[in-house]
Amino acid sequence: TWRYVRGWLGSSLPCVDANVTPQGLPGSIIATHKLGPKLSKGAFGTVYRLDARSTDSSCRTEVLKAMNKGMFTSFDDIARLNQQVELMKRLSCQQHRHPHIGQLIEIYHTPSNIIFRLEFAGQSNLQKRLSDRERQGEECRPMTASTTRALMEQAIAAVSHLHTGP
């Protein structure tokens, strides 16, 4: 199914990588990086920190988001994934980059997963940060007006870029 749909869509997904480690990771990643701890698990996949094997301090922090191919059960699911990949690639090219939109570095396709290698954007996300304001006790993380304003400016700039930029 995947091979047929990739061909029919002219897919942005790479071909299946047969060089996979016992952990299910492409061998090309393991040559330069080691898999760090799991950072989160959501409806659309699991995110792991990716640590460079290099001791070069200028290496940026990256993450891997692994999405089980079993989630994509119809042609429409795969078409939407393909559209997402095309958009992520476009927003990650030099011409369309934006400082408040995480960058796609690479995409891997294993027999069981689609794996996105992404720029690490922080331990939390905007939705979690906003919901933490409402928590009770020690878990409450109120935001000052200036922090709220800065977050809103960043979010508006990113959404504006999506609508008017690329």
Side-chain angles (χ1 to χ4, degrees), residues 2 6 11-74 76-93 96-135 139-141 143 147 150-152 154-155 157-159 161-162 166:
W2 277 87
R6 277 189 73 256
S11 182
S12 293
L13 293 172
C15 293
V16 174
D17 185 350
N19 179 22
V20 179
T21 68
Q23 297 89 4
L25 297 171
S28 58
I29 292 176
I30 297 305
T32 57
H33 293 79
K34 58 185 173 193
L35 194 63
K38 178 168 65 169
L39 299 176
S40 67
K41 181 169 178 50
F44 296 104
T46 305
V47 178
Y48 300 90
R49 192 177 74 219
L50 190 61
D51 298 321
R53 292 189 185 276
S54 168
T55 56
D56 181 4
S57 62
S58 68
C59 289
R60 65 180 168 206
T61 304
E62 300 173 357
V63 296
L64 287 184
K65 179 177 183 178
M67 299 169 62
N68 187 307
K69 287 171 40 176
M71 299 179 5
F72 306 99
T73 57
S74 71
D76 287 341
D77 291 342
I78 299 170
R80 279 192 290 278
L81 174 64
N82 193 58
Q83 185 177 32
Q84 176 186 356
V85 167
E86 287 177 8
L87 179 61
M88 290 171 73
K89 284 182 175 181
R90 183 182 227 183
L91 289 171
S92 296
C93 75
H96 298 295
R97 289 196 72 176
H98 189 275
H100 303 307
I101 298 175
Q103 301 301 299
L104 172 68
I105 298 164
E106 187 74 46
I107 301 170
Y108 305 93
H109 187 176
T110 71
S112 58
N113 289 296
I114 302 297
I115 301 172
F116 295 103
R117 184 169 151 199
L118 305 160
E119 172 184 36
F120 181 59
Q123 205 50 13
S124 188
N125 61 42
L126 182 58
Q127 184 273 330
K128 180 169 177 9
R129 180 64 183 99
L130 292 174
S131 67
D132 285 350
R133 297 174 311 150
E134 308 297 322
R135 295 189 184 272
E139 292 183 356
C140 180
R141 294 178 58 202
M143 287 196 290
T147 300
L151 285 173
M152 293 307 298
Q154 291 173 17
V159 171
H161 177 74
L162 292 173

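In this chain, residues are counted from 1 in sequence order.
Residue pairs meeting the salt bridge (Lys or Arg N to Asp or Glu O under 4.0 Å) criterion with at least one partner in residues 21-50, sequence neighbours excluded, are R49-D51.
Distance check: L118 CG to L64 CG gives 8.0 Å after rounding to the nearest 0.5 Å. The distance from the CG atom of L50 to the OG1 atom of T32 is 7.0 Å, given to the nearest 0.5 Å. We find the CD1-CD distance between I78 and Q83 to be 14.0 Å, quoted to the nearest 0.5 Å. In this structure, CE on M71 lies 8.0 Å from CG on D77, to the nearest 0.5 angstrom. To the nearest 0.5 Å, atom CZ of residue F44 and atom CE of residue M67 are 7.5 Å apart. A distance of 11.5 Å separates CD1 of I101 from NE2 of H96, quoted to the nearest 0.5 Å.
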Using side-chain contact (heavy atoms from CB on, under 4.5 Å), reason through I115 and H109 one step at a time and then give a plain yes or no.
CA-CA 6 Å; I115 301 172; H109 187 176; over 6 Å; no
Run L39 and F120 through side-chain contact (heavy atoms from CB on, under 4.5 Å) and show every step you take.
CA-CA 11 Å; L39 299 176; F120 181 59; 3.6 Å; yes
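Contact detail for A157 and H100: the closest heavy-atom pair is CB-CD2, 4.3 Å. Between S92 and Q103, the shortest heavy-atom contact is CA-OE1, 2.9 Å. Closest of all the heavy-atom pairs between C93 and R90 is SG-O, 3.1 Å. Here the closest non-hydrogen pair linking P111 and V20 is CD-CG2, 3.8 Å.
Ion pairing of D132 with R129 is absent here, as no side-chain N (NZ or NE/NH1/NH2) approaches a carboxylate O to less than 4.0 Å.
A heavy-atom distance below 4.5 Å is not found between the side chains of Q84 and L87. A heavy-atom distance below 4.5 Å is found between the side chains of H33 and E62. In this structure, the side chains of F72 and R80 stay at 4.5 Å or more apart for every pair of heavy atoms. Inter-residue side-chain proximity for P26 and T110 is flagged as met; some heavy-atom pair is nearer than 4.5 Å. Considering only heavy atoms from C-beta on, V16 comes within 4.5 Å of K69 through its side chain. With contacts defined as side-chain heavy-atom distances shorter than 4.5 Å, the pair Y48/V63 does not qualify. For the pair M143/L130, a side-chain contact is recorded, criterion being any heavy-atom separation below 4.5 Å from C-beta on. Between I114 and V85, every side-chain heavy-atom pair lies at or beyond the 4.5 Å cut-off.
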